[in-house]
Structure formats: structure tokens, C-alpha cells
Amino acid sequence: MNRMLIFCTCALLLGWTASLQAQQLDTLYAKAGASFRGLSVVNNRLLWVSGNKGTVGRSTDGGKHFQWFTVKGYEKRDFRDIEAFDAVTAVILAVDSPGVILRTHDGGASWQEVYRDERSGIFLDAFSFWRDRIGMAVGDPVGGKTILVATDDAGKSWKAIPALELPVPDTGEACFASSGTNIKVLSKRRYVLVTGGRRSRAWVATDGRGQWVELPLVQGGTSTGANGLAVKGSYRKKNVRRMMVVGGDFMQDTVRTGNAAYSRDGGRTWKVPDTAPWGYRSGVTYITGKKLVACGTSGVDISTDGGQTWRNISKTGYHVVQRAKDGRSVFLAGGGGRIARLRW
Ligand SMILES: *[C@@H]1O[C@H](CO)[C@@H](O)[C@H](O)[C@H]1NC(C)=O
């Protein structure tokens, strides 16, 4: 009897501490009218965000305080992606025309244009860096070819990828600029990008040659397809096998079909989760080898089995989620100027 009582008490206590330790979001910042889709977490203390109205923010104390900048001359631009290399150096990418990339080397006080594309129809979506130096930026197709520009000096200079190496998208197939994460550079000559619209596919490229792989995501509309890509081990390792794609239909953001897929073979084949995230998702990141977090306008989910099953932890919307490049902290940013930290 006594033993039973002790057992029950222990079980109750265990259950209670487990629920206390459940993943939680701590809101660090919110501002009506602001929207952040760019997020770069350098380490546990240093993070940068970017968004609409020419805004860039930087925190050096893990999100307790933010220093805000409005980039002079770009007050109306929407910076949909940011990559920070340290406390003073970062690059930002503006969507819409003209396509511009800017760089700061003084902590955000001043910005210099390092890339400008005035072609009509230009629309840059996202960029990605490998080892803080090799980078690529992707834009929607112009003249039937995906826009791709590359840097090998941490964004100081950019040049076009040779036309022969460019992915040729289908009619109505493009990229979404919802979280700055639909391209991942895996090494000097290797990258993956994911598309949406009439079709949703992954372009997996090595040494200038690529191939399209169908994604099992909802497609066929103008708001359907892949929005975010996460790879496990991109930052330090060369051998990337595990990948996760999220998306769906942002016009129906609680629909749970065709909104995610994972790969265990470097993007060659993709599987649909057994239990999908709880709606359209724009951002996803690996927290550990098996643990992932995904976010979108309708909420945030966690997977602890490499993307096979998902559990929702919040109905608050976020656009983008990132784990520190050097550290374990995970931050999210989104609409309403919300910035949060995930406790895990
Ligand atoms: C998960 O989603 C369901 C359905 O929308 C909702 O009822 C529930 O409150 C959500 N859970 C959390 C923790 O937000």
C-alpha cells in the first residue's frame, strides 16, 4: 500500500516536472506594425533581426535589449533576410525591385550597398552562408531562369552564377521570401534551394550541376509550396544528409496537409511526416540531430524524432526560427514585431 502511494506520488511529481520543462516561448519583444522575417543568431547572446520599414535590430544580451536601426535611404524597404557574422558585421537583403544587398561593418550604424540588380521583375528572396564566408542569394526567375548570385568574401562582393548552371523553373514556379530560408549553402560548391507556386521542388546542386527533386508538398496555386529549409550540420560539417522542408498554403494557414517533408539522404528522396505540423509553416530549424522546431503564422511545433511527428506548443504566429550558430539558444521572430526565445 505504502509502496503504491510512493509510486503514485513519484509519478505525479514526474508528470508535473515534465510539464514544467515542456518547451515554452518567452516573448522578448513586440511592436505593432513591425514584421520580422530575417533572423540571424550568432551565439547565445548575439542576435540580429531584419524586417519591414527598413528596420534592423541587434541584441548583444540574448534579447533582453535591442538596438534599432532604420537603414538610411531604404526606409520603405523590407529586409527579408539577414546574416550576421559577429557583433559588427552583417548583410541584409531587400525584396522587390531593385534587388539590393547591403552590408554593415560598424554594428548597424551605417550600411553600404554591395549588390544592386535593377532588371525589371527582380525579386530577391533569401540568402545563405557556409562558414560565414561562402554565400548565395536566390531570387524569383527572370527570363525563365532562377536568379542566383554568389559571394566568397562574406558578402563584400557578389557575382552571378554562370547561366548554364542555373536551375530552370517551370512556369509559375518561384521562391517565397517568407523567412529567408529557402536556400542553404552546404559547402563551397554545394547548395539546395526549394520552390513553390505551380510546382514545389528541391534543386540539389553540386559542382555546378543540379537536379530537380519533387517535393510532397501542396502545389498548384500561387500561395502553395515550400517556404523554409533546414539542414543538419551545414555549419561545420560537409556531409549533410538530414533535411527538413516546411510550407503549405499561406492563404489557408491551419491546413495540415502537404506542409512538410523530410529527407535522410541529402535531398534525393523526401517523406511526409506521420503527424504533420499544425498548419502552414514558413520557418524550421534543427535544435539537435533529432529535435526540430517549425513556425508559421498559425503557430509553433516541435518534433523530437527528426521531423516524423510534430506536436504544437503555441498558436502564436512567427515567421522564422533559428538556433545559434555557436550556442544552444533558439530564437523566433515574426509578425507584430514579435521576438521570442524557445526554452527547451
Ligand atoms: C494545438 O492546436 C489545437 C488546434 O488548433 C489547439 O486547440 C491547441 O490549443 C493547440 N495547442 C497549443 C499548446 O497551442
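Indexing begins at 1, ligand by ligand and atom by atom, following the structure's order.
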Using a 3.5 Å cut-off on N/O to N/O, what pairs does ligand 1 make with the protein? A line per pair would be great.
residue: ligand 1; atom: 2 (O); partner: Asn312; partner atom: ND2; Å: 2.3
residue: ligand 1; atom: 5 (O); partner: Lys315; partner atom: NZ; Å: 3.2
residue: ligand 1; atom: 11 (N); partner: Asn312; partner atom: ND2; Å: 3.0

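- Partners of Tyr29 under the ring pair (Phe, Tyr, Trp, His ring centres under 6.0 Å) rule, at least two apart in sequence or in another chain, are Phe66, Trp68.
- The pair Asp26-Arg343 meets the salt-bridge criterion, with a side-chain N (NZ, NE, NH1 or NH2) lying under 4.0 Å from an Asp/Glu carboxylate O.
- Below 30°, between 30° and 60°, or above 60°: for Trp111 and Trp48 the angle between ring planes is above 60°, a perpendicular geometry.
- Asp78 is linked by a salt bridge (Lys or Arg N to Asp or Glu O under 4.0 Å) to Arg80, counting only residues two or more places apart in sequence or in another chain.
- Just one of Lys145, Arg198, Arg201, Arg199 meets the salt bridge (charged side-chain N to carboxylate O under 4.0 Å, His left out) condition when paired with Glu173; it is Arg201.
- Qualifying side chain to side chain contact (heavy atoms under 4.5 Å, CB included) partners for Arg119, counting only residues two or more places apart in sequence or in other chains: Tyr115, Asp117, Ile122, Ile147.
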